[in-house]
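Worksheet: the structure to be examined is printed underneath.
Here is the naming used below: chain letters follow the sequence lines, and residue numbers restart at 1 for every chain.
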Amino acid sequence: MSDKPTLYAAFAQKIDAVLAALEAEGVLPADTPRGNVSVEPPRDASHGDLATNAAMVLAKQAKTNPRALAEKIVEHLQRDPLIVSAEIAGPGFINLKLAPQIWTEEVAAIAELGDDYGKSAMDEGRRVNVEYVSANPTGPMHMGHCRGAVVGDALASLLEHAGHQVTREYYVNDAGGQVDTLARSVHLRYREALGEDIGEIPEGFYPGAYLVPVGEAAAKEFGDRFRTAPEDEWLAIFRAFAVERMMDVIKSDLALLGINHDVFSSEAALQAAKKPEAAEAWLREHDFVYDGVLEAPKGKAPPEDWEPVELPLFRSTKFGDDQDRPIKKSDGKWTYFGADLAYHMQKAENADELIDIWGADHAGTVKRIKAAVAALSEGQGEPVPFDVKLVQMVQLLRDGEPAKMSKRSGNFVTIADMVEEVGKDVVRFSMLTRKPEAQMDFDFAKVVEASKDNPVFYVQYAHARICSILRKADAEGITPSGEQLDLLTEDDLALVKQAAQFPREVEAAARAREPHRIAFYLYDLAAAFHAFWNLGNDDAEKRIIVAQNARLSAARLFLASQIGQVIRNGLALLGVEAVEEL
RNA sequence: GCGCCCGUAGCUCAGUUGGAUAGAGCAUCAGAUUCCUAAUCUGGGGGCCACAGGUUCGAAUCCUGUCGGGCGCACCA
């Protein structure tokens, strides 16, 4: 972990200091707000290494025009020996070119920090709980779960890189009616395993073949004790048994994707500990919960069996929801929401911030849970920041035709199938090369076919090439060395500039909670490296290993090895392997 | 009807939170391997950033409206 600000942050501070000096000189009024001032690498590298909009943003307050103010700023900046040139361009941008020394120092910094290069102390020690996947424990993981799983996992890693202390959590919904269905389905398979002919799986049971081994395991565990017993004797036992087995399946599916949660929280355990009761009592006391009658559903025709019933309702309308929401059902059991708000309270006890990753099909419930967390956490001291990241649906296709993914039909593409077919790295990278809030199509056949063209290989190839050149150098007895980095040329340093953006990208991506930015950054870095590599095809002087020039070769090998380090760090963040050969 | 998300090249998508001439990949056309891995590189063609207003030095990005697509609108989970 580096305590040093990133290179870009360091220059932002310099510019801030210049603005402070201008205030002292009276060019700018005292206490001019500088929030809009940005210091960034320009889009077009030909504009220089850094650009700032300071003059344009502050001109009005300085009662002058942008270019005139820019001249004053430039005057100060030119005194800095690390700034080779400061030029005014366009409407008042100030473009800076930095001394080569800045970049060679950055190469050394990568070498020194190694695997920690790119990590930031931005949010040092802040505890954040990221809840993701949380698929119902009624079957194996399928592709519908995949996107949220990968995005959540990469986000967790990203926040770790930004200094957060991250808890990766999975909420096990083991208390609802679906689990009864699961238990009955397993009981059926259990009877089958004991030799009974169960025929077609009837309506209302999960038909998937993945329950066959669970039934067999149950037969082994219980013998024929529950074969003809009435349901109330075995239901609870089979629930627990089935959920445990399903969670084992889910955990091993997740492991195939390289995902390992720290905490699995059980809804049943939460209810057994009376957490929802405690939350309800507090909410009633503060008038967030009252007994009332729900309005009939609007818009579409109300369900035929609709009848008004008095239920305990949470006042989510106070927080912008359309309707107050029941926390208990008429049979006295907790609704999903009722238990979920207690669950979020439990999470908030050990975290400074909560993030949930949900599928877009749950978008309608975001307002109520946010409302509940706001009400509860505010009442109990510090309000805990809470964000729900919605991951849009993946439209599953088979050869262009929409494929159903329901567990009921038992016909779905599982994550295990997918990983076996194309590998973990392709699956993860595919999910991370688009922003999560846009829908995506996922055609199993197409992805399998196109997996060779997946951008993940492009990035891995760059890394493999670097490993290859280092092996070759080793065989020739040339050792990479950072002793004479001043030998590096303009082309070499251009590559460094690209690599030097990694820490900045990590911080920006973490701030925006957008892990996909790292995937795109790595692609760009790989592209820069491939282009750099090919320079050597036209001009032997531009190769990494230059014949008859051991010292330049040593410096370039050192550089290449640090580029490899950055690619490795980025891929590690995304949970993708950095292979040494392709 | 209401809420949330999306609309950028023929296709799949980026776009540094409001910056300079809107970028990649695929596809297409033309080139580069006696030479560190050609799973690579260089160049060409291809755009009303869905549409219309507004905000300001400056808009693909922010606001309003319209159109189009997706998801949701139980005491389910």
Side-chain angles (χ1 to χ4, degrees), chain A residues 36 38 40-44 47 51 53 56-57 59-60 65-66 89-93 95 136 138 173 175-179 267 294 297-300 302-303 306 309 311 320-323 325-331 333-338 340 359-367 390 392-393 395 433-441 450 452-455 457-458 460-462 464-465 467-473 476 501 504-505 508-509 511-512 514 516-517 519-521 523-524 526-527 529-538 540 543-547 553 556-557 560 581-582:
Chain A
N36 292 331
S38 69
E40 289 170 344
R43 274 197 186 138
D44 187 341
H47 289 138
N53 62 356
M56 289 184 290
V57 175
K60 201 177 259 181
N65 66 67
F93 284 103
N95 292 329
N136 288 330
T138 53
N173 299 130
Q178 292 191 22
V179 183
E267 182 183 1
L294 278 181
K298 289 177 187 139
K300 302 219 171 101
W306 171 263
V309 184
L311 293 168
D321 202 356
D322 307 332
Q323 220 179 355
R325 304 290 175 175
I327 60 171
K328 265 185 187 170
K329 307 186 233 177
S330 48
D331 66 3
K333 288 184 182 164
W334 295 101
T335 61
Y336 181 84
F337 173 58
D340 204 27
D361 50 343
H362 289 74
T365 65
V366 171
K367 274 183 183 166
L390 289 179
Q392 287 296 318
M393 296 286 97
Q395 160 102 332
T433 39
R434 45 202 20 97
K435 54 179 185 243
E437 62 269 26
Q439 301 152 227
M440 69 182 280
D441 290 349
K452 298 183 294 292
D453 295 329
N454 194 285
F457 296 122
Y458 185 83
Q460 287 178 321
Y461 183 38
R465 272 182 155 174
C467 292
S468 160
I469 195 80
L470 291 170
R471 282 192 299 267
K472 185 182 161 76
E476 291 180 16
Q501 293 197 36
R504 202 180 87 87
E505 287 290 338
R511 213 171 279 128
E514 289 179 348
H516 73 276
R517 288 192 192 195
F520 283 98
Y521 166 74
Y523 189 88
D524 288 344
F529 180 77
H530 286 310
F532 173 73
W533 177 282
N534 275 276
L535 291 175
N537 286 338
D538 299 331
R543 290 190 200 161
I544 295 172
I545 298 176
V546 185
S553 300
R556 284 218 175 118
L557 285 163
E581 271 175 280
L582 213 62

Check your understanding: On a whole-Å scale, what distance lies between the P atoms belonging to B:rC41 and B:rG25?
Key -> 8 Å
Exercise for review: Could you tell me whether a side-chain N or O of A:H530 sits under 3.5 Å from a main-chain N or O of A:Y458, the two making a donor and an acceptor?
Suggested key: yes
Review point. Mind checking whether A:R504 and A:P41 have side chains closer than 4.5 Å, heavy atoms only?
Key: yes
Check your understanding: Counting just side-chain N and O atoms, does A:W533 come under 4.0 Å of either OP1 or OP2 of B:rA38?
Key -> yes
Check your understanding: Which whole-number value in Å describes the distance from A:L294 CG to B:rC73 C1'?
Key -> 13 Å
Point to revise | Minimum heavy-atom distance A:P436-A:H516, with the two atoms named | key: CD-ND1, 3.9 Å
Review point. Rounding to a whole Å, what distance do you find between A:K333:NZ and B:rA77:P?
Key: 9 Å
Study note, to complete from the structure: What one should report as the nearest heavy-atom pair of A:R517 and A:A512 is NH2-CB, 3.8 Å
Practice item. Look at all strands and tell whether A:A59 reaches a base, only sugar-phosphate, or nothing, counting heavy atoms closer than 4.0 Å. Key: nothing
Practice item. Decide, applying a 5.5 Å centre-distance limit and a 30° plane-angle limit (both strict), whether A:H362 stacks on B:rA77. Key: yes
Check your understanding: At their closest point, which heavy atom of A:Y461 faces which heavy atom of A:L582, and how far apart are they?
Key -> CB-CD2, 3.6 Å
Practice item. If the glycosidic angle is within 90 degrees of 0 it's syn, otherwise anti, so just tell me which one B:rU28 is. Key: anti
Point to revise | Rounded C1' spacing from B:rC63 to B:rU55 in Å | key: 7 Å
Point to revise | Whole-Å distance separating the CD atom of A:Q392 from the P atom of B:rG70 | key: 12 Å
Review point. When you measure from the side chain of A:E581, which nucleotide among B:rU37, B:rC41, B:rC71 comes out closest?
Key: B:rU37
Exercise for review: Could you work out the separation of B:rG7 and B:rA50 based on their C1' atoms and round it to a whole Å?
Suggested key: 6 Å
Practice item. For A:P326, report the nucleic acid contact type (base, sugar-phosphate, nothing); a contact means any heavy atom under 4.0 Å. Key: sugar-phosphate
**Study point:** Separation of atom CD1 in A:I545 from atom C1' in B:rU37, rounded to whole Å
**Key:** 13 Å
Revision key, fill the gap. 5'-most contact on RNA chain B (nearest-nucleotide basis), A:I544 vs A:E505, goes to A:E505
Exercise for review: Could you check if a side-chain atom of A:N173 sits within less than 4.5 angstrom of a side-chain atom of A:Q178, using non-hydrogen atoms only?
Suggested key: no
Check your understanding: Between B:rG70 atom P and A:M393 atom CE, what is the distance in whole Å?
Key -> 14 Å
Revision key, fill the gap. Protein-proximity profile, nucleotides 20-32 of chain B, B/S/- by nucleotide at the 4.0 Å heavy-atom cutoff, equals B---SS-------
Practice item. Give A:T335 one of three labels, base, sugar-phosphate or nothing, depending on what nucleic acid heavy atoms sit under 4.0 Å from its own. Key: sugar-phosphate
Point to revise | For B:rU33, glycosidic torsion class - syn if within 90° of 0, otherwise anti | key: syn
Study note, to complete from the structure: Sorted by chain and number, sequence neighbours left out, side-chain hydrogen bond (donor to acceptor under 3.5 Å, both in side chains) with A:Q501 holds for none
**Study point:** Nearest listed nucleotide, side chain of A:E437, among B:rU37, B:rC6, B:rG19
**Key:** B:rC6
Check your understanding: Just checking A:D361: base, sugar-phosphate only, or nothing, at a heavy-atom cut-off of under 4.0 Å?
Key -> sugar-phosphate
Practice item. Could you measure between the two P atoms, the one in B:rG72 and the one in B:rU42, and give it in whole Å? Key: 44 Å
**Study point:** Minimal non-hydrogen separation, A:K328 against A:L311, with atom names
**Key:** O-CD2, 3.5 Å
Check your understanding: Roughly how far, to the nearest 0.5 Å, is CD of A:E514 from CD of A:E505?
Key -> 11.0 Å
Check your understanding: Quick one: are A:T433 and A:Y523 in side-chain contact, heavy atoms under 4.5 Å?
Key -> no
Study note, to complete from the structure: Tightest non-hydrogen contact, residues A:L390 and A:G359, listed as CD2-O, 3.8 Å
Practice item. Classify the nucleic acid contact of A:G92 as base, sugar-phosphate or nothing, counting any heavy atom under 4.0 Å across all strands shown. Key: nothing
Practice item. Please state the C1' separation for the pair B:rU64 and B:rA20 - nearest whole angstrom. Key: 29 Å
Exercise for review: Mind calculating the distance between CG (A:N36) and C1' (B:rG18) to the nearest angstrom?
Suggested key: 9 Å
Review point. When rounded to the nearest Å, what value does the distance between C1' atoms of B:rG15 and B:rU28 take?
Key: 25 Å
Might you list the N or O atoms of the protein lying below 3.5 Å from N or O atoms in nucleotides 7-12 of chain B, with each pair's distance?
residue : atom : partner : partner atom : Å
B:rU12  : O2'  : A:R434  : NH2          : 2.9

**Study point:** side chain to side chain contact (heavy atoms under 4.5 Å, CB included) against A:K329, all qualifying residues, sequence neighbours excluded
**Key:** A:D331, A:K333, A:T335
Exercise for review: Look at all strands and tell whether A:T365 reaches a base, only sugar-phosphate, or nothing, counting heavy atoms closer than 4.0 Å.
Suggested key: base
Point to revise | Nearest-angstrom distance from the residue atom CD1 of A:I327 to C1' of B:rC76 | key: 17 Å
Exercise for review: Please identify each residue that fulfils ring pair (Phe, Tyr, Trp, His ring centres under 6.0 Å) with A:H362, with sequence neighbours left out.
Suggested key: none
**Study point:** Listed nucleotide nearest any side-chain atom of A:A531, set B:rA77, B:rU37, B:rU42
**Key:** B:rU42
Point to revise | Heavy-atom pair with the smallest gap, counting every atom of A:P91 and A:P66 | key: O-CB, 3.5 Å
Review point. Would you say the side chain of A:I544 lies within less than 4.5 Å of the side chain of A:W533, judging by non-hydrogen atoms?
Key: yes
Practice item. Determine whether any donor atom in the side chain of A:Q439 lies under 3.5 Å from an acceptor atom in the base of B:rG69, or the reverse, and answer yes or no. Key: yes
Exercise for review: Go through B:rA39, B:rA14, B:rC36 for me and flag the one nearest to the A:F520 side chain.
Suggested key: B:rA14
Practice item. Ignoring backbone atoms, test whether A:K60 places a side-chain nitrogen or oxygen under 4.0 Å from the OP1 or OP2 oxygen of B:rC57. Key: yes
Revision key, fill the gap. Here the distance between atom P of B:rG58 and atom CG of A:N65, to the nearest Å, is 15 Å
Check your understanding: Atom CD1 of A:I545 and atom CD of A:E476: how far apart are they, to the nearest 0.5 Å?
Key -> 5.0 Å
Exercise for review: Name the nucleic acid region contacted by A:K367, choosing base, sugar-phosphate or nothing; use a 4.0 angstrom heavy-atom cut-off, strictly under.
Suggested key: sugar-phosphate
Practice item. Name the nucleic acid region contacted by A:V366, choosing base, sugar-phosphate or nothing; use a 4.0 angstrom heavy-atom cut-off, strictly under. Key: nothing
Review point. Is A:R465 near enough to B:rA38 that one of its side-chain N or O atoms lies under 4.0 angstrom from OP1 or OP2?
Key: yes
Practice item. Identify whether any heavy atom of A:R517 sits under 4.0 Å from a base atom; if not, whether one sits that close to sugar-phosphate; answer base, sugar-phosphate or nothing. Key: base
Check your understanding: Using a cut-off of 4.0 Å on non-hydrogen atoms, how would the nucleic acid contact of A:Q501 be classed: base, sugar-phosphate, or nothing?
Key -> nothing
Review point. Which sits closer to the 5' end of RNA chain B, A:L390 or A:W334, going by the nucleotide each is nearest to?
Key: A:L390
Point to revise | Same-atom distance (P) from B:rA22 to B:rC67, integer angstrom | key: 31 Å
Exercise for review: Determine the Euclidean distance between corresponding C1' atoms of B:rG47 and B:rC11; express it in Å to zero decimal places.
Suggested key: 15 Å
Practice item. Just call it for A:A508: base, sugar-phosphate, or nothing, with non-hydrogen atoms closer than 4.0 Å on any strand. Key: nothing
Review point. Dot-bracket for RNA chain B, 5' to 3', with Watson-Crick and G-U pairs under 3.5 Å, [ ] for crossing pairs and | for other-strand pairs: what is it?
Key: (((((((..((((.....[...)))).(((((.......))))).....(((((..]....))))))))))))....
Exercise for review: Select base, sugar-phosphate, or nothing to describe what A:Y461 touches, counting heavy atoms under 4.0 Å on all strands.
Suggested key: base
